[in-house]
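Inspection log for the structure reproduced underneath, given as structure tokens.
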Protein chains: 2
Amino acid sequence: MNTVQNLIDILKQAGMRITPQRRAICAYLAENDNHPTAAMIYDDLKAEMPSLSLMTVYNTLNTLANLGAIHVIGQAGDDTVHYDADTEPHINVICINCQKIVDVPSEHLVEIRQDIDRQSGYRLIGSRLSFYGLCPDCQAKAESSSGH
Amino acid sequence: MNTVQNLIDILKQAGMRITPQRRAICAYLAENDNHPTAAMIYDDLKAEMPSLSLMTVYNTLNTLANLGAIHVIGQAGDDTVHYDADTEPHINVICINCQKIVDVPSEHLVEIRQDIDRQSGYRLIGSRLSFYGLCPDCQAKAESSSGH
DNA sequence: CGTATATTTATAATGATTATAAAGTAGGTA
DNA sequence: TACCTACTTTATAATCATTATAAATATACG
Ligand SMILES: [Mn+2]
Ligand SMILES: [Mn+2]
Ligand SMILES: [Zn+2]
Ligand SMILES: [Zn+2]
């Protein structure tokens, strides 16, 4: 998982200035193991930094994503893009009801990547591996409401 | 790969009416092994069916996706959702420059799904497995333009 | 064939993300 | 430390894919 300093160093090495806004966004990403949207980060940081604008959050997330420091998961059944500060290869399992996202590591990911290298001819840069389903909570709710 | 009749039967069994529009959209999906967006299908069918509306394409794609007859790949670096008529488990490899999407099968997908079943507690419904990179064509262009 | 009802269509609305440009600031320099 | 300038942030408007609405239309079934 990325540490705050790690993310800030990546920005520095890319020649970008370290602003309080960027520092706060990096801290949020490093200190939470959720899979936030731009709006989630904005809402959270607004309390401690009232002048923050959503545009800055979008800009910083795009910058970090372009540098490969974070990953773009994409939508989760809602209509908003989620980000992942964990860039280690892993699978994100998404609840289509409540949008909760959990991580699942798998040693088979390496083999899959090899399959693609051999078969596609693409020069791979990243991946977005999502499974969809109902989380345990939402399964329970679905069962109790549909009547046994 | 889905056949036209296959897709139409799925709609019928769901109690939906078989209209010329739906038939044409199902035919497009069955006869092309691309990964189209709603707009791509609309543009293509507009020639033979001038009254077709984009709304109908969206509705039909959503219906088919909800029935599990096609899969939603999500965005491909553009800002539009791509669909996949091939519902067999496979990986989509996406070019971040030209948005070309190719399929790569892998026998390791089964094992990954087992890993998730064991570790997540989610009841899985579907997956979206995308790798990103540069297709051979775009690699060639990148090299010839950047270098000696 | 005629009817009830699902569907299509045209149109407007929504909402996430991006573009723009003025105001503000980080960070190097003297 | 004070200053300068290019980079950032912010407020605001624009974009554009997708969805909502409601009137017009057509399917399926007796
Ligand atoms: Mn994750
Ligand atoms: Mn595919
Ligand atoms: Zn859930
Ligand atoms: Zn390409």
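In the text below, chain A, chain B and the rest are named by the order of the sequence lines, each starting its count at 1.
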request  = Please determine if a side-chain N or O atom of B:Ser53 lies less than 4.0 Å away from the OP1 or OP2 oxygen of C:dT8.
outcome  = no
ask   = Is there a donor in the side chain of B:Asn34 and an acceptor in the side chain of B:Tyr83, or the other way round, less than 3.5 Å apart?
value = no
request  = Quickly work out the A:His82 NE2 to C:dA16 P distance and round it to whole Å.
outcome  = 11 Å
inquiry  = If you count heavy atoms of other groups shown closer than 6.0 angstrom to CG of A:Asp9, is the number above 12?
reply    = yes
note = B:Leu11 CG to D:dT27 P, in whole Å, measures 15 Å
request  = Considering just the side-chain nitrogens and oxygens of A:Thr56, establish if one lies under 4.0 Å of OP1 or OP2 belonging to D:dT10.
outcome  = yes
request  = Using a cut-off of strictly less than 4.0 Å, decide whether A:Tyr58 has a side-chain nitrogen or oxygen near OP1 or OP2 of C:dT17.
outcome  = yes
task = Return the value, rounded to whole Å, for the distance between atom CG of B:Leu52 and atom P of D:dT25.
result = 17 Å
A:Asp79 side chain, from C-beta outward: closest of C:dT7, C:dG27, C:dA16 = C:dA16
request  = When you get a sec, tell me which of C:dG27, C:dA16, C:dT18 is the closest nucleotide to the side chain of A:Met55?
outcome  = C:dT18
key: Nearest-angstrom distance from the residue atom NZ of A:Lys12 to P of C:dA26   = 13 Å
task = Tell me whether the OP1 or OP2 atom of C:dA6 has a side-chain N or O from B:Thr19 closer than 4.0 Å.
result = no
Positions of residues 22-51 of chain B (non-hydrogen atom under 4.0 Å from DNA chain D), listed by number = none
ask   = For the pair made of CZ in B:Arg17 and P in D:dA28, what is the distance, rounded to whole Å?
value = 7 Å
ask   = Taking CG from A:Leu54 and C1' from D:dT10, how many angstroms apart are they, rounded to a whole number?
value = 11 Å
task = Indicate whether OP1 or OP2 belonging to D:dT18 is found under 4.0 Å from a side-chain N or O atom of B:Asn59.
result = no
key: Co-membership, hydrophobic cluster, residues A:Leu67 and B:Tyr132, 4.5 Å side-chain   = no
inquiry  = Please tell me whether A:Val93 and A:Val81 are part of a single hydrophobic cluster in this structure, the criterion being side-chain heavy atoms less than 4.5 Å apart.
reply    = no
ask   = Distance check: side-chain N/O of B:Gln21 vs OP1/OP2 of D:dT27, anything under 4.0 Å?
value = no
query = With a 3.5 Å cut-off and no angle check, do the side chains of A:His35 and A:Asp103 form a donor-acceptor pair?
reply = yes
task = Nearest whole angstrom, please: distance from the P of D:dT8 to the CG of A:Asn62.
result = 14 Å
query = Hey, are B:Thr63 and B:Thr60 close enough side-chain-wise for a donor-acceptor pair under 3.5 Å?
reply = no
key: Between C:dT18 (P) and A:Asn66 (CG): distance, integer Å   = 10 Å
key: Upstream residue (5' side of DNA chain C) when A:Pro20 and B:Met16 are each assigned their closest nucleotide   = B:Met16
Point-to-point distance, once rounded to the nearest 0.5 Å, from CG of B:Leu109 to CD of A:Glu111 = 11.0 Å
